[in-house]
Each structure stands twice: as C-alpha cells, then as structure tokens.
Amino acid sequence: MTIPLVDLKAQYLSIKDEMDAAIQRVVDNTSFIMGPDVQAFEEEFARFCSVQHAVGVDSGTAALHLAFMACDIGPGDEVITTPHTFIATIGMLGRVGATPVFVDIDPQTYNIDPARIEAAITRQTKAIMPVHLYGQPAEMDPILEIADRHGLKVIEDAAQAHGAEYKGRRAGSMSHVAIFSFYPGKNLGAYGDAGAVVTDDGEIAEKVRLLRNHGRREKYEHLLQGFNYRIDTLQAAILRAKLAHLEEWNEARRRHGATYRELLSDLDLVLPYEPEHVRAVYHLFVVRLEGSLLQERDALREHLRAKGISTGIHYPIPLHLQPAYRHLGHTEGDFPITEECARQVLSLPMYPELTQTQIEEVVRAIKEFLGS
Ligand SMILES: *Cc1c(COP(=O)(O)O)cnc(C)c1O
C-alpha cells in the first residue's frame, strides 16, 4: 500500500462525473475568459465564507498582490506577519515596495503570537497579516483589537483554511480583506492555479476587480493600471463543482484528525492543538518531535517512505532565514520558536479520501519506528 501526503486522483475519481461535466460545459460554450461560471463561483464562495464579496484571480499570490494594493500598502510600509509560513505570504510585499516585519509564533497554534505584535509596531506599520496555518485559525480577537487600537488594517492569509472557524466566524470574514489559494492541494483545489480575494468592503472589492483585469471598466476603457490576474472560467467551473463537497471534505479531514489524535495519543509526539473556540480544517496534520526524538526526524521519514508512506515538512526554512530575504538582516536566533518548530514539524498524510485502514497503517509504521 502506498499512502501519499495528498491524493488528488482519489478525489477526482470520487466525483468524476461532476468534474467531467463542469469541464465539458465550459469547453462546449468556449467561454474561457470571464465566463458565467466566474461570477457564479464568486457568489457561491462569498456565501461559503460569510462575506459580501469574492473576486476570483489566477493564484493566491496574485490575490495577495491585489489585497496589498487595495489596502494602499506601498513603498516604506511595514506589514507584521509570521516567519512560519509559505513564502508566498510575503512575496508580493516587496513588489509593492513594502517590508515584512516578523513576529514569532505561538508554539501551540503555530500561528503569529498576538502577545508579541505590539512590540513590532512602528510608525511605518500599515497592516497585520495573520496566516491560518495548516487550517488552524490564528487567535483573531487580540489581533483585531490591537489593529483597531493602532489604526491598522488586518489581512487574513486564509490560503490553507477554507471553511475554518474562529468563535463561529469563518476564516476570511474577520478582517478588512482576506485571500485564499486554490492551488490543487489546498482544501478547495483547482486543476491548476487559482485564488480569490474576499472582503465585506465594497470599495476594496471593486478595486480588486478592476486591477485583476487591466483596470478595465468597459471594453477598452481602463480606469487603473492593472494586471491580467483573471481566474480561468475552467477553474471557476471546477471549483464550483468542488465547493459543493467542501463541507463534507472538511468534516472528513476533522474525523481523520480525531482518529490520528486517538491512535497517536500515547506516543511522545506533540499533536495539533485545537481549542474549543476554533474549528480547524486540517489542511495538514502536523506533529512535532521533541527531546530525544528530535534527531530522528529524517530517520522516521525514511522509515515511513520505505513503507510507501509520504510525509512533508511545512516548512523547513523560516522566512527570516531564506536567502531571498537576507537583506532584512536577520540571523539564527531572531525567532527561536519558529526555528525550533521548523526543526521539529512533520506532516502526516491528510486528505478527505484517506481511509481508516490507511491511518492505522501510518500509525503502525510510526509506532514500529518508535519501538512502542
Ligand atoms: C498556497 C499558499 C499561498 C499562495 O497561493 P498560490 O495559489 O500558490 O499562489 C499563500 N499563502 C499560504 C499560507 C499558502 O499556503
């Protein structure tokens, strides 16, 4: 038996007829650019996120670029965020002339630690950008309170958290503007690249709509200097068909999380933290190896790999230590909790179609390695 980290083929096979029909519908009417499925998907996804507006774009990275521009983040501005995330969270900040300012994470949630944010605020700070990493919502209430007190915008990077909830509020609905990615492996994944900007602010939505499509209002009338960041109609049609299954898929991920948790509970592993007030959607199921096990991560991965079980490390190099950000002048030790997590985390297979037998197989292989 081979158990991948994510099984996109299993998902396709489970809804093959619906997917094939969605693709065929777009091909049949050749409405490849801004076809009717784009607006329909935007309406459906906005409803799913409990927000007024969703604007489809061609990647989560493009969504971040447009969200920064719509918040007027520009040269000299600083945006406070986490160093424990995928590089795309901050990649476009430099492209608008702004600088990421990192704040270390909370070792339980792996998300930005609200208690450390205020010390990082300067006169240049324009926004705070929490990331709901691994599908676990960031601790939003204190973040929103700090932002409010200092007159800062909040931008949620919800690329890994479609459908997650914090105190009954949906990821993407708690801030001025939020972004999602529909990269194929995300909880809601396209068959290629796609993303969305979501917001309750009509002005932000309008600006993002203009910018993603050459600043265009009418054909050949352009109000702003924009981009071609449009979502493909094909991807919108695929995402609509998949969105109808997202709740059931997220529930399946949560069940698998509970099963892992139960079967791994007597081992020396740190399991994902899920407080009462959040609904995590387990984009990844990440465990942490501590103490004497710390040196064993590579060996454990190799042991699992030999049994056909894939694992991942999200993420091995913190953003402040990435060569691309050397100019920020950070050194090892600047964000010790992030650095420690980067050395300890291990992502186990997690996707809705995972079976009980597969989970048991993963756990058996881990126990075999740990000799318990
Ligand atoms: C996937 C991801 C992105 C970027 O999305 P793309 O669609 O790949 O451009 C941004 N932030 C986080 C946290 C992500 O996981």
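Whatever order the structure lists ligands and atoms in, that order sets their numbers, starting from 1.
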Quiz item: Any chance the rings of Tyr183 and Phe86 have centres within less than 6.0 Å?
Solution: no
Practice problem: Could you list which atoms of ligand 1 come closer than 4.0 Å to a heavy atom of Val131? | Solution: 13 (C)
Exercise. Working to the nearest 0.5 Å, report the span between CG of Asp72 and NZ of Lys153.
Key: 7.0 Å
Practice problem: Output, in order, the C-alpha distance, side-chain angles, deciding distance and verdict of ring-ring contact (aromatic ring centres under 6.0 Å, His included) for Phe182 and Phe41. | Solution: CA-CA 12 Å; Phe182 307 120; Phe41 170 66; 5.5 Å; yes
Quiz item: Identify the closest protein heavy atom to atom 8 (O) of ligand 1: which residue and atom is it, and at what distance?
Solution: Ser181 OG, 3.9 Å
Quiz item: Should the proximity of Asp157 to ligand 1, defined as any heavy atom under 4.0 Å, be assigned to the side chain, the backbone, both, or neither?
Solution: side chain
Quiz item: If you take all heavy atoms of Ile105 and Tyr110, which pair is closest and at what distance?
Solution: CG2-O, 3.6 Å
Quiz item: Are Tyr166 and His132 an aromatic pair by the rule of ring centers under 6.0 Å?
Solution: no
Self-check item: Ligand-residue contact atoms, ligand 1 with Thr85, heavy atoms, under 4.0 Å
Solution: 13 (C)
Quiz item: Are His256 and Tyr282 close enough that their ring centers fall under 6.0 Å?
Solution: no
Practice problem: Output yes when the distance from some N or O of ligand 1 to some N or O of Tyr183 is under 3.5 Å, and no in every other case. | Solution: no
Quiz item: Based purely on interatomic distance, does Asp193 place a nitrogen or oxygen under 3.5 Å from a nitrogen or oxygen of ligand 1?
Solution: no
Exercise. Could you check Phe335 against His84 for ring-ring contact (aromatic ring centres under 6.0 Å, His included), going step by step and ending with a plain yes or no?
Key: CA-CA 10 Å; Phe335 303 102; His84 186 62; over 10 Å; no
Practice problem: To the nearest 0.5 angstrom, please state how far the NE2 atom of His162 sits from the CG atom of Asn187. | Solution: 6.5 Å
Quiz item: Counting from 1, what ligand 1 atoms have a heavy atom of Ser59 closer than 4.0 Å?
Solution: 7 (O), 9 (O)
Self-check item: Close-contact set for ligand 1 against Ala88 heavy atoms, below 4.0 Å
Solution: 3 (C), 4 (C), 10 (C)
Self-check item: Protein contact of atom 9 (O) of ligand 1 - nearest heavy atom, named by residue and atom, plus distance
Solution: Thr61 OG1, 2.5 Å
Quiz item: Any N or O on Gly60 sitting closer than 3.5 Å to an N or O of ligand 1?
Solution: yes
Quiz item: Closer than 4.0 angstrom: is that true for some heavy atom of His283 and an atom of ligand 1?
Solution: no
Self-check item: Shortest heavy-atom approach to atom 2 (C) of ligand 1 - which of Lys186, Met129, Gln160
Solution: Lys186
